[in-house]
**Q** 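Below you will find the structure I want to go over with you.
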Amino acid sequence: MKPNNRVLDGQRFILSCFFFIIFLCILASINEVRFDSLLKFGQCAFSPGPHNSSASPLIEPNTISPPPPSSSEIRILIGILTLPDHYHKRHFLRMIYGTQSPTGARVDVKFVFCNLTKEDQKVLVALEIMRYDDIIILDCRENMNNGKTYTYFSSLPEMFLSNESNSQYPPYHYVVKGDDDVYFRLQNLVDSLAPLPRQDLYYGYVIPCPSMDPFVHYMSGMGYLVSWDIVEWLAESDIPKKHLEGPEDKIFGDWLREGRRGKNRYNAKWAMYNYPEPPTRCTHELWPDTIAVHLLKTQEKWIRTLNYFNVTRDLKPSKLYHIS
């Protein structure tokens, strides 16, 4: 082959390689554009919104704050008057009320007793408070009819009212005083309160048992309720302070009568009643519209009551247990 032809062939080869390299670059650029378009399309299809590195996603798991309580939501404090040494009873009642989830209200159940007097109480009750934060210790000596109920109600405003501007007022619309042998069905309680006034209310089971008139006597100590304005009145008025000794639930009614309080009254009979056995004028058979059952003095009575209301119906099946 002549030298000129070899030179021409070399030039053609170099030129062909140059154009081939340009072709590869163009092809790579086209593929990159296509890939980027597909990537953006995929982001549009599967992302909750347009991709923006400076914007937060619409939904972030475990970071959403619960909505503020509705102004129509009822706030109820149930104070169960008991004794410091009744550890087993408190743990039992925590199960009873902790497995109820009423709608339309916030219901706080707290256990109420007077000052601790023994070293073991100071340790065990302190541990309970650290674990459950559901105990109120009043500044009083344990008593049945010498002012414990008054101390309970009159201490609450100072305990719960806050100077913070964003705190809710009142902290509770209603305050209940209940015994530790009463079973409250929280949803029925909430439903019964929904249409009632939130001011000057006195609610419970009218005494004597045959009576249906809430304005004649007073409400049974099994569990009665007053609105927050009456709680504040009890803390400020001199009327209760002059008459502390005696059957506390009866004199509670006397305070309201003398102070012209509780103009709105609600008789919850027969949604509230004593356990059916032994039968008396205050008892009633268990029935679905129950708000409270009183005098559950034995485990057998508690179990029969809980079985009647089928409290374990929401137990989820699991391989970890079998309950027939």
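From a predicted model like this one, the values you see are computed outputs, not experimental measurements. What's counted below: heavy atoms across the whole structure, side chains too, no hydrogens, waters or symmetry copies.
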**Q** Are the ring centres of Tyr203 and Tyr224 closer than 6.0 Å?
**A**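 Between Tyr224 and Tyr203, which both carry aromatic rings, the centre distance is not below 6.0 Å.
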
**Q** Under a 3.5 Å cutoff, is there a donor and acceptor pairing between the side chains of Asp213 and Ser211?
**A**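 No, because no side-chain N or O of Asp213 sits under 3.5 Å from a partner of the opposite role on Ser211.
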
**Q** Any luck finding a side-chain donor-acceptor pair between Gln121 and Asp85 under 3.5 Å?
**A**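 Judged by distance alone, the side chains do pair up.
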
**Q** Are the side chain of Thr82 and the backbone of Asp180 linked by a donor-acceptor contact shorter than 3.5 Å?
**A**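 Checked: no pair found.
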
**Q** Would you say the side chains of Thr290 and Tyr308 form a donor-acceptor pair under 3.5 Å?
**A**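 No, no side-chain donor-acceptor contact under 3.5 Å.
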
**Q** Under 6.0 Å from the six-membered ring centre of Tyr132 and within 45° of its axis: does the NZ or CZ of Arg94 meet both?
**A**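 Here Arg94 passes the 6.0 Å and 45° test against Tyr132.
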
**Q** Salt-bridge test for Arg131 and Glu128: reply yes if a basic N is under 4.0 Å from a carboxylate O, no otherwise.
**A**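 Result for this pair is no, no salt bridge flagged.
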
**Q** Please determine whether a side-chain nitrogen of the Lys or Arg among Asp108 and Lys110 lies less than 4.0 Å from a carboxylate oxygen of the Asp or Glu.
**A**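 Salt bridge: no.
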
**Q** Does a side-chain N-to-carboxylate-O contact under 4.0 Å join Arg304 and Glu277?
**A**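 Salt bridge present between Arg304 and Glu277.
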
**Q** Would you mind telling me which of His294, Met219, Lys269 makes a side-chain contact (heavy atoms from CB on, under 4.5 Å) with Tyr205?
**A**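 The option that passes is Lys269.
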
**Q** If you group Ile, Leu, Val, Met, Phe, Trp and Tyr by side-chain heavy-atom gaps below 4.5 Å, do Met144 and Leu83 land in one group?
**A**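 Hydrophobic grouping puts Met144 apart from Leu83.
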
**Q** Can you confirm if the aromatic rings of Tyr266 and Tyr202 lie within a centre distance of less than 6.0 Å?
**A**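 Ring-ring flag for Tyr202/Tyr266: false, centres at least 6.0 Å apart.
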
**Q** Quick test of your reading of the model: are Lys148 and Glu142 salt-bridged, counting only N-O distances below 4.0 Å?
**A**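 Salt bridge: yes.
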
**Q** Could Lys301 and Asp181 be called an ion pair, given the rule that one side-chain N must be under 4.0 Å from one carboxylate O?
**A**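 A salt bridge is absent here (no side-chain N lies under 4.0 Å from a carboxylate O).
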
